[in-house]
Amino acid sequence: MTGESGGLLGRLRIEGPQMPEALSRIAEAILADPETAAHASIVDLAERSGTSTATVTRFSRTLGFKGYASLRVAVATETGRAEQARWETDISGDITPDDPLDQVLSVVAAADTRAIQSTAAGLSIPDIERVAATIAGAQRVELFGLGSSGTAAREMAFRLERIRVPVWHRQDSHTALTNAALLLPGDVAIGLSHSGRTREVIETLAEAADHGALTVAVTSFNRSPLAEVADVVFTTSVLETTFRLAALSALHSQLLVLDLIYVAVAQRTYERTAEALELTVRAVDAHRLPEKMPTRKRRSEKGTP
């Protein structure tokens, strides 16, 4: 099973608070100053976090690294990527009822930008290629998600339909299960859940796995029950702001993952995709208003006919 995708710093923000106290302090120390952590020795990090070198080593292995050296390289790599694409992202996620909307805009845009950057930094390109190649040749693709994750699933189904991929998205859990039971080896099932603990999504992906389909999880927790039943796991990063809890903030990161898969599928089916897009655009063209509409005269005075 693959599943160590997902930005490291994004993982620490999400998983850190749920770790044992000593490991959580190490996560906090790294997140407080990632650039410094990228160059810190194991002794330095242990002192900064009030732990021991043995605990730092255990922390590294808990995250799937062989040791602290590998963890430090991962932090350095990610902070380097983030620095190249950063723009005013160090803004607090707090929003008060009296904040002006221009300030709210900055907070929301910054949070979404950081989440997308973190998600992108941790994506496994070989895994994207594997999933896209399988979808391109699949007889059936199933997508399932509930709530906000369902919105992302519907959007992905719409995109794949437009390029002639045989895809289904069902909101009803019973229908999703029966569809999953019809999958065969070479087919694909994609389950989306921010928490990775949505029972219906887990059951659907497990059913698909039982029938030999390639199972894909898109979740913010790569050690969640959903991740455990998936062949491939894409970990999304989330940054909460006031009024937008994590589950509501995950949509943009989920769409980034799905959009990359969609584009990769389109690349592999270029001629079929180009023809399909041309046909579908032509089909709805008559329902679009012309680019230049007749100018409507405005009334110069209120009440003037």
Side-chain angles (χ1 to χ4, degrees), residues 1-79 82 90 92-94 111 114-115 117-119 121-124 149 191 193-199 201-202 205-206 217-230 232-242 244-250 253:
M1 175 185 296
T2 57
E4 298 304 324
S5 60
L8 174 59
L9 299 182
R11 285 185 59 194
L12 294 183
R13 292 187 189 97
I14 294 170
E15 298 180 22
Q18 302 180 28
M19 292 180 174
E21 182 180 354
L23 302 189
S24 182
R25 290 204 303 270
I26 297 173
E28 290 176 0
I30 294 174
L31 290 172
D33 192 348
E35 288 81 3
T36 298
H39 302 285
S41 68
I42 189 170
V43 175
D44 292 335
L45 183 58
E47 290 180 351
R48 289 176 56 209
S49 59
T51 61
S52 64
T53 56
T55 304
V56 174
T57 299
R58 180 159 60 92
F59 174 81
S60 303
R61 291 175 178 169
T62 297
L63 291 171
F65 297 98
K66 292 182 179 179
Y68 175 64
S70 299
L71 172 67
R72 187 170 62 178
V73 169
V75 174
T77 300
E78 187 164 331
T79 53
D90 297 324
S92 169
D94 295 333
R114 289 185 65 183
Q117 288 174 348
S118 182
T119 299
L123 281 177
S124 168
S149 295
S193 169
H194 160 66
S195 67
R197 293 177 173 80
T198 305
R199 184 184 301 277
V201 180
I202 297 168
L205 218 60
V218 181
T219 177
S220 297
F221 297 86
N222 70 345
R223 297 182 184 276
S224 62
L226 179 63
E228 290 298 319
V229 301
V232 179
V233 181
F234 295 116
T235 308
T236 51
S237 180
V238 177
L239 288 178
E240 291 185 339
T241 64
T242 307
R244 299 197 313 160
L245 302 178
L248 299 177
S249 302
S253 296

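The shown structure was predicted, so the numbers you read here are calculated from the model rather than taken from an experiment.
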Minimum heavy-atom separation for [X] and [Y], please, with both atom names.
X      : Y      : value
Ala230 : Leu205 : CB-CD2, 4.0 Å
Pro34  : Leu31  : CD-O, 3.5 Å
Phe221 : His194 : CD1-O, 3.2 Å
Ser41  : Arg72  : CA-NH1, 3.8 Å

Any sub-3.5 Å donor-acceptor pair from [X]'s side-chain atoms to [Y]'s backbone N or O?
X      : Y      : value
Arg197 : Pro225 : no
Ser24  : Gly16  : yes
Ser253 : Ser237 : yes
Arg11  : Leu63  : yes
Ser49  : Leu45  : yes

Once rounded to the nearest 0.5 Å, what's the spacing between atom [atom1] of [X] and atom [atom2] of [Y]?
X     : Y     : atom1 : atom2 : answer
Ile42 : Thr57 : CD1   : OG1   : 3.5 Å
Thr53 : Glu47 : OG1   : CD    : 10.0 Å
Ile26 : Ser60 : CD1   : OG    : 7.5 Å
Asp44 : Thr36 : CG    : OG1   : 10.0 Å
Met19 : Glu28 : CE    : CD    : 11.0 Å

**Item:** Residue of the set Val201, Thr235, Thr236 for which side-chain contact (heavy atoms from CB on, under 4.5 Å) holds with Val218
**Value:**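 Running side-chain contact (heavy atoms from CB on, under 4.5 Å) over Val201, Thr235, Thr236 with Val218 returns exactly one hit, Thr236.
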**Prompt:** What do the steps show when you test Arg13 against Arg114 for side chain to side chain contact (heavy atoms under 4.5 Å, CB included), and what is the final call?
**Reply:** CA-CA 12 Å; Arg13 292 187 189 97; Arg114 289 185 65 183; 2.9 Å; yes
**Message:** Filter on side chain to side chain donor-acceptor pair (under 3.5 Å), then keep only pairs touching residues 61-70, sequence neighbours left out; what's left?
**Reply:**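 Passing the test, one end in residues 61-70: no pairs.
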**Asked** Can you find a side-chain donor-acceptor pair between Thr219 and Ser193 that sits under 3.5 Å?
**Response**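 Result is no, nothing qualifies.
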Would you call [X] and [Y] a side-chain contact if the rule is heavy atoms closer than 4.5 Å?
X      : Y      : answer
Thr55  : Arg25  : no
Phe59  : Thr51  : no
Glu228 : Ile202 : no
Thr77  : Leu8   : no

**Message:** Quick one, Val56 with Val43, criterion side chain to side chain contact (heavy atoms under 4.5 Å, CB included). Give me CA distance, side-chain angles, the key distance, then yes/no.
**Reply:** CA-CA 9 Å; Val56 174; Val43 175; over 6 Å; no
